[in-house]
Structures are given as C-alpha cells and as structure tokens.
Amino acid sequence: MDDISMKRSWHSRDWSRLIRLFSGLTFYERFEQAIILTLIALIMLVSAVATMHLIGAVWHLVVDVGVDPINQTVFQTIFGAIFTVIIALEFKHSLLVVLAQHENVIRVRTIVLIALLAIARKFILLDLHEVTAAELFALSAAVLALGIVYWLVREQDARVARDAREQARLEDTAPSCRKARYPLA
C-alpha cells in the first residue's frame with residue numbers, strides 16, 4: 001500500500017512542478033515549452049524504437065548469422081545505428097536543458113556538438129572504396145570548421161561564466177567592505 005501512495009505522491013509532485021513551471025510564463029513562452037515537451041516525447045519514442053531495432057539487429061547477427069569480424073559492413077551498420085541513438089539522446093538532453101533553465105534557444109555549442117556527432121557517424125559509415133577525394137576533403141573541412149566553432153563558443157562560454165563568478169564575488173564582498181569602512185552604517 002505504501003508503494004502505491006509513494007507513486008501517487010511522486011506523480012503529484014511532478015505535476016505540481018510542471019504547473020509551477022508554466023504558471024509564471026507568458027502565452028508564447030508556454031507555447032515554446034509545450035513544443036519542447038512534445039519534441040522530447042517524440043525523440044524518446046524514436047530513440048526507444050531505434051534501440052529496440054538495434055537490439056533485434058544485433059541479436060540476429062550474433063545468434064542467427066554469427067558476427068564475422070572481418071566483415072566491415074556489419075560493424076559500420078551497427079555502429080552507425082548506435083551513433084544515431086546517441087545523437088538522438090544528445091538532442092533530447094539539449095532540449096531538457098533548455099526546458100529546465102527556461103532558455104529560449106538551444107545553445108550553439110550543443111548544435112555544433114550534435115553536428116560533430118553526425119559527421120563522426122558519417123565517417124564510420126563511409127566506404128573508402130567508393131568515396132571520392134573531394135567528398136573526404138569536404139567532410140574533413142566540415143569537421144575542422146565545426147571543431148574551431150566549438151572551441152570558440154566554449155571559450156566564450158567559459159569567459160562569460162568566469163565574468164559572472166567574478167561579478168558575484170565582487171557583489172558578495174562589497175557590503176562587507178562598506179561595513180568595515182563605515183562600522184556604524
């Protein structure tokens with residue numbers, strides 16, 4: 001009986017937290033949050049289905065066919081599918097961060113990270129016998145450009161966070177300096 005009441009309590013807490021989340025928002029902010037919640041649910045569904053298909057495919061390869069360690073195509077297919085699920089989970093996580101922090105946009109760093117994961121997946125799936133040098137160069141240039149953008153954005157985020165910490169430290173120490181200087185104030 002306690003287990004059922006705990007489940008009800010847990011669900012009611014989640015609903016009350018969700019209601020509090022929406023209560024202080026404008027109509028458009030509520031609309032954005034509802035869209036994000038819908039996207040999260042859809043990504044969870046797609047990720048679950050993709051994972052189930054991946055489990056079935058790997059099970060079929062191991063039990064029925066037997067995995068041939070020399071067959072590169074099998075490994076490319078499996079790891080491509082794994083990367084697809086990882087990309088979906090990273091995208092879902094970025095939406096959860098937007099939802100939790102009440103941000104209006106997804107951070108550029110997250111988009112660049114997802115793009116890097118997608119290109120890494122593409123590299124795994126490449127058949128080196130069929131890819132041209134121009135395609136390989138283009139993918140490599142995209143990775144380099146995205147890597148530079150990721151580094152620049154990360155440095156900017158670190159600088160903003162450092163400035164915010166410094167500002168908070170100055171605000172915390174400012175009242176104590178005034179008290180020391182003017183003890184009667």
Side-chain angles (χ1 to χ4, degrees), residues 7 10-11 13-15 17-18 21-22 30-158 161:
K7 286 182 181 180
W10 181 75
H11 290 300
R13 262 195 333 252
D14 284 350
W15 279 112
R17 190 174 1 171
L18 187 63
L21 169 75
F22 277 86
R30 288 179 187 170
F31 172 75
E32 282 182 340
Q33 298 293 322
I35 294 296
I36 290 173
L37 284 171
T38 304
L39 289 173
I40 289 170
L42 290 173
I43 291 170
M44 289 172 59
L45 178 66
V46 169
S47 298
V49 170
T51 302
M52 295 307 292
H53 281 284
L54 179 62
I55 290 169
V58 170
W59 181 262
H60 173 71
L61 286 172
V62 171
V63 174
D64 296 338
V65 178
V67 177
D68 183 11
I70 299 173
N71 190 351
Q72 179 182 357
T73 308
V74 171
F75 284 105
Q76 284 178 318
T77 304
I78 290 172
F79 284 108
I82 289 171
F83 256 88
T84 301
V85 173
I86 289 171
I87 291 167
L89 291 175
E90 183 61 36
F91 187 52
K92 180 194 65 74
H93 177 72
S94 67
L95 291 175
L96 284 171
V97 168
V98 169
L99 189 66
Q101 295 179 355
H102 305 290
E103 295 177 355
N104 292 332
V105 294
I106 298 174
R107 295 187 171 272
V108 172
R109 181 174 44 162
T110 303
I111 294 170
V112 172
L113 177 63
I114 292 170
L116 280 168
L117 286 171
I119 292 177
R121 179 187 179 277
K122 180 69 174 171
F123 271 114
I124 288 173
L125 295 177
L126 275 180
D127 185 0
L128 294 178
H129 301 293
E130 294 183 14
V131 69
T132 65
E135 289 173 322
L136 199 55
F137 179 76
L139 284 171
S140 300
V143 168
L144 181 63
L146 286 170
I148 291 170
V149 168
Y150 187 80
W151 179 74
L152 289 171
V153 169
R154 189 193 64 176
E155 288 298 314
Q156 179 186 8
D157 287 348

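Only a predicted model underlies this, so the values are computations on that prediction, with no experimental measurement involved.
Note that CD1 of Ile36 and NZ of Lys92 are 13.5 Å apart. Values are rounded to the nearest 0.5 Å. Interatomic distance, CG of Leu125 versus CD of Gln76, reported as 6.5 Å (0.5 Å rounding). Rounded to the nearest 0.5 angstrom, Leu37 CG and Leu96 CG are separated by 8.5 Å. Rounded to the nearest 0.5 angstrom, Leu117 CG and Arg121 CZ are separated by 11.5 Å. One finds the CG atom of Leu89 at 11.0 Å from the OG1 atom of Thr84 (value rounded to the nearest 0.5 Å). Remark: Ser94 OG to Leu39 CG distance equals 10.0 Å, nearest 0.5 Å.
Around the CZ atom of Phe79, the shell of radius 6.0 Å holds no more than 12 heavy atoms that belong to other residues, nucleotides or ligands.
For the pair Val131 and Leu139, the minimum side-chain heavy-atom distance is 4.5 Å or more. You'll find the side chain of Val112 stays beyond 4.5 Å of the side chain of Val153, heavy atoms only. Using a 4.5 Å heavy-atom cutoff, the side chains of Phe123 and Leu136 are in contact.
Nearest heavy atoms, Leu146 versus Ala115: CD1-CB, 3.7 Å. Summarising the geometry of Glu135 relative to Glu130, their closest heavy-atom pair is OE1-O, 4.4 Å, with the distance given to 0.1 Å. Heavy atoms only, all atoms of each residue included: Ala88 and Ile43 are closest at O-CG2, 3.3 Å.
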List the steps, then state whether side chain to side chain contact (heavy atoms under 4.5 Å, CB included) holds for Val97 with Thr110.
-> CA-CA 10 Å; Val97 168; Thr110 303; over 6 Å; no
Run the side chain to side chain contact (heavy atoms under 4.5 Å, CB included) check on Ile78 and Leu61 step by step: do they pass?
-> CA-CA 10 Å; Ile78 290 172; Leu61 286 172; 3.3 Å; yes
